[in-house]
Each structure stands twice: as structure tokens, then as C-alpha cells.
Amino acid sequence: MKVDWRSRKKQSNSFRPAPVISVGFLLLIFLGTFLLVLPVSSAKGTATSLVDALFTATTSVCVTGLTVVSTADDWSLFGQGVILILIQLGGLGVVTSVMTFMLVFHRRIGLKNRMLIQAAYGWNSMYGVSHMISKIVRGTLLVELAGAACYMMVLVPKNGRKGVWDAVFLSVSAFCNAGMDTMGNSSLSVYRENVWMNIVTMVLIILGGLGFLVWWEILALLRGRREKKIPLRLLISRMSLHTKMVLIATFVCILAGTIVVFLCEFHNPETLGMLSVPQKFLAALFQSVTTRTAGFFTISQSALEDDTSVFCMLLMFIGGSPGGTAGGVKTVTVAMVLCAVMAAVKGREETRVFHRSISDSNVKKGLAVIMLSLTIWIVMTMLLSCVEDADFMKISYETMSAIGTVGLSKDLTPMLHVPGKLILCVMMYLGRIGPITLAASFLSKGQSDDFVHFPEENIMLG
């Protein structure tokens, strides 16, 4: 067989976005660590330990929310500002942040950078990249400013001028699904019965978790309905398959989580038991929304029943939707794989959803994401169990929270030793960039063998 060595060399030197994304997040974490370890970042005016600074930088960039030191008490205003910037950059993504600076300074976005943006958001086209980046940044800032204004209505009368900073920090953290705040060490427990604070936070979390492309599609369809008076039935039919799956999966996860938490914790005196029925529902709804990668809490996570904890871990694993600020394996991935399972059970050759067929390569990638994430979680849970003497449920909850970039904790993270903190750092990083991105960063780009087809043979299943 004749091999075109020039073509092979060209292929091996082709641009690969995955390593750039992986290294970009690492560099941002290291920069954040350097800034946080400085004495000026500490509320005490002394240098923070390297491991604690690394952990805080990692949880901020990876928008997780697990903390080993108090964000409100242990960091100075400068340190909190560094954390806020890391959350914002990490929430938008390193790629978007870099491209934003290029647009601000009128730098041309070349072909490689367009490919990088396309890979980061899973776009089908490289055209209109500059316009989309601009829309993402403007939309993000607009939502965060609106969220901050809503928070100020409660926090400024209570905390004075500090309430302004608390509101801004909380808004950015909620939209980016980071789960960190500067108000104290009890998250939003103080506002458990405050309907306004709960609703604003849940709206920000959901908007951040839906994904930017879903935003624009829904807004475009609503604009078309208003201008052309399109019937609602036709409006839904014009939605892309991705948007339909995102909206349905998000609704199902929130509804299921609310019902499970409400029923399982109804009589638990340490969570919902002492609340009225409307307050129970509000707290259960908030727990369901925040569990899918946000990290805020209004009820004690360590006091949750085991069955509730297991279901919350499932929601953590699923996470938000692609192209947004949330983590997890993503709602669409799980929905697609479930549809593929149903197709196999019914004996169909292809995976069908809403009169559309999903390619086998898409399904395989979804299976790979789920299996790699599960494998990482199992291995890291075993490692953490080896280095930490703690209840296994707490360890499992903590590791799932890390890999899903959620940030909810059963009060174990602040008690971890150095090896345990480093294990969670690795998990938060892997959860943020995604196992597929990590694997693609190390895969060699040799000559493709897709044109080679071997004889088929069936194996026994079941």
C-alpha cells in the first residue's frame, strides 16, 4: 500500500484544540494560585498555604465551590476579587475569555482560533465566531448585572455598602454555577424562607446551565413569534433537536429532584421537617436546582437521608447542559444514551428522537463520556477512601460533587489532609475540562485507519 508521507506529516501537525483547552485551564489555575498565595490576598495579611491557595484557585476556575477555607472570612477584598475574576473566566471558559480580549484589542481571530472556539462550544460552523463571542459576553454581563440588582434589594438594606459587593459576587457565582459567596459560612441557609432570594438564585443557575446557544435560539424564536405571529405549536416544532432535548431533560431533572427531596426529607427534622409545606416545597425545589452543579444550599447536606444523598449524586453526575457554565456529563448526553438504550430494546438500528436520527458516532461519544466519568469517580473515590478516615457516603458525595463541579459538601472537604485536597483538585479539573477533552489531549494524531474495515463477528450479550 502506498502511503502519502506528506499528507501524513500534514495531518500530524494539524491543529488540535483539546490540548490548548486543557493547558489553558491549568495555566489559569496556576496564575490564580500565585495570586492567592500572596499575603495581600489573605484577610490575616499572611501568606496562605500553597495547597489551600491551589485548592481555592482550582475550585474557582472549575466553578465548583468546594472550599477548604472560608471565602468570607479568610480572604481579603483583594483575594475575593481574584476569586471572582477566576470564577468569571472559568465560567465563560478560557477560550471565550482569551477571544474576548482579542476582540477588545481588535486582534484578528484566525482559522486556528476559530477551530478552538468551535471545539469549545461544539458549534457546527466557524462563521460568525466574533459575533457569537460578543453575544455571549454581553449576554453574560447583562444577566449578571440584573441578578446583582435583584440581590441588592435584599442585601443592601441588610449589610449596607458591603451588600453591593456581596450581591455582585453572588450573582456572578450563581450564573457561573460556582456556589461560592462572601456572606458567611452557611451559604444561603439564612435565606431559606426568602422567596425572592431563592427565585433569583434558581433563575441564574438555570440560565447558566442551559447553554448559550439555547438562549439565542429561544430568543430568536420568541422574536419571530412576536413579529410574524407564529403559533406556539409551530414555534416548538421549529426548535432544534438540541434545544428540545435540553429543555425537556432540564425540566425532568428539576421536577424529579424536587419530588424526591420533598418526599424523602419531609419528616427529617434537620432538613425539611420543621418547615411549613410551602417552605418544604421551596427548599426541595432549590435543592434540586442547585444539585445540578450550582453548589449553594439552604438545607444541611450532611443531614440528608442516604436515599436523598444517592439521588442528589445522580443529579450531580448528570449536571447541566452543553455550552453553558454547568458541569456534569450533561443532560443531553444522558438523554441521548437513554434513547439509544430504548432503541436497542425495541430492536431499532438507529437512535430516533423527535423524528430525527442521531448518528452512531454521537452515541458512542456520549457513552464514552459517561463511562470515563464513572471510571474516574470510582477510582478517585477509592483513592480518597485510602487516604482519609471518613464515612464512605461522605467521601462518595464529596468526590461526585468534585467531578460534577457542583460544590455541595457533607462538611468533609475542610477536614481533608493534603493528599485528599490534591485528589479533589484533580477531580475538579477533570470535571471542568471533561474526560473526552483530556483523552483527546494525549491521543496521538497518526494516520487515520477509518478506511480499514475488519470482518464483523457477534459476541454473546446478557
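This one's a predicted model, so the numbers in the text were calculated from it and none came from an experiment.
When atom types are taken as modelled, the side chain of T64 and the backbone of C62 share a donor-acceptor pair closer than 3.5 angstrom. With T243 contributing its side chain and M239 its backbone, the two residues share no donor-acceptor pair below 3.5 Å. Side-chain N or O atoms of N268 include one that pairs as donor or acceptor with a backbone N or O of A303 at under 3.5 Å. With hydrogens and angles disregarded, a donor-acceptor distance shorter than 3.5 Å links the side chain of T290 to the backbone of F296. Using a distance-only test at 3.5 Å, with no hydrogens or angles considered, a donor-acceptor pair links the side chain of S359 to the main chain of N362. For T258 (side chain) and I254 (main-chain N/O), a donor-acceptor pair under 3.5 Å exists by modelled atom type. Side-chain N or O atoms of T308 include none that pairs as donor or acceptor with a backbone N or O of L304 at under 3.5 Å. Between the side chain of N198 and the backbone N or O of Y191 there is at least one donor-acceptor pair closer than 3.5 Å. With hydrogens and angles ignored, the 3.5 Å screen pairs a side-chain donor or acceptor of T59 with a backbone N or O of L66. Judged by distance alone, the side chain of T399 and the main-chain N or O of W377 form no donor-acceptor pair under 3.5 Å.
Checked by atom type, the side-chain pair T182/T71 shows no donor-acceptor distance below 3.5 Å. No side-chain N or O of E144 forms a donor-acceptor pair with one of S171 less than 3.5 Å apart. E265 and Q287 form no side-chain donor-acceptor contact under 3.5 Å, judged by distance and modelled atom types alone. Residues Y151 and T201 bring a donor and an acceptor atom of their side chains to less than 3.5 Å of each other. Between the side chains of T381 and S396, not a single donor N or O lies within less than 3.5 Å of an accepting N or O. Side chains of S187 and S189: no donor on one and acceptor on the other come within 3.5 Å. Checking S409 against Q301 by side-chain atom types alone, no donor-acceptor pair falls below 3.5 Å.
The side-chain tip of K280 points at the ring of F266 from less than 6.0 angstrom away and within 45° of straight on.
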*Apply side-chain contact (heavy atoms from CB on, under 4.5 Å) to the pair S288 and F262, showing each step before the final yes or no.*
CA-CA 10 Å; S288 177; F262 184 82; over 6 Å; no
*Could you walk me through whether R292 and C253 pass the side-chain contact (heavy atoms from CB on, under 4.5 Å) test, one step at a time?*
CA-CA 9 Å; R292 296 176 51 251; C253 286; 3.7 Å; yes
*Might you work through the side-chain contact (heavy atoms from CB on, under 4.5 Å) test for K135 and W215, ending with a clear yes or no?*
CA-CA 10 Å; K135 287 176 66 177; W215 283 20; over 6 Å; no
_Verdict with reasoning, T413 to F55, per side-chain contact (heavy atoms from CB on, under 4.5 Å)_ = CA-CA 10 Å; T413 298; F55 192 98; 3.6 Å; yes
*Go through the steps for S401 and K410 under the test side chain to side chain donor-acceptor pair (under 3.5 Å), then give the verdict.*
CA-CA 10 Å; S401 181; K410 285 183 174 290; over 6 Å; no
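One finds the CG atom of L424 at 10.5 Å from the OG1 atom of T58 (value rounded to the nearest 0.5 Å). Taking CG of L141 as the reference point, atom CZ of F175 lies at 9.0 Å (rounded to 0.5 Å). Expressed to the nearest 0.5 Å, how far CG of L282 lies from OG1 of T298 amounts to 7.0 Å. To the nearest 0.5 Å, the span separating CE on M427 from CD1 on I403 amounts to 4.5 Å. Note that OG1 of T56 and CG of L86 are 10.0 Å apart. Values are rounded to the nearest 0.5 Å. Interatomic distance, OG1 of T291 versus CG of L314, reported as 10.5 Å (0.5 Å rounding).
Using a 4.5 Å heavy-atom threshold, the side chains of T351 and M342 count as separate. Looking at heavy atoms from C-beta onward, F317 lies out of side-chain contact with V406 at the 4.5 angstrom threshold. Counting only heavy atoms from C-beta outward, the side chains of P322 and H242 approach each other to under 4.5 Å. Inter-residue side-chain proximity for W75 and V82 is flagged as unmet; no heavy-atom pair is nearer than 4.5 Å. Under the 4.5 Å side-chain criterion, counting only non-hydrogen atoms from C-beta, F169 is not in contact with M183. Between L241 and I358 the shortest side-chain heavy-atom distance falls below 4.5 Å.
Closest heavy-atom contact between C176 and Q88: SG-NE2, 3.8 Å. Nearest approach of S321 to L210, heavy atoms of both residues: CB-O, 3.4 Å.
Pairs passing the salt bridge (charged side-chain N to carboxylate O under 4.0 Å, His left out) check and including a residue from residues 155-167, sequence neighbours excluded, read K162-D166. Applying the salt bridge (charged side-chain N to carboxylate O under 4.0 Å, His left out) definition to pairs two or more places apart or across chains, those involving residues 413-424 are D52-K421. Listed by first and then second residue, the salt bridge (charged side-chain N to carboxylate O under 4.0 Å, His left out) pairs involving residues 367-394 amount to none (not counting sequence neighbours).
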Without placing hydrogens or testing angles, list every side-chain donor-acceptor pair under 3.5 Å for residues 37-46, not counting sequence neighbours.
unit_1 : atom_1 : unit_2 : atom_2 : d
S41    : OG     : L35    : O      : 2.6
S42    : OG     : K44    : N      : 3.2
S42    : OG     : T46    : O      : 3.3

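I85 meets the side chain to side chain contact (heavy atoms under 4.5 Å, CB included) test with L89; sequence neighbours excluded. With sequence neighbours excluded, no residue forms a salt bridge (Lys or Arg N to Asp or Glu O under 4.0 Å) with R356.
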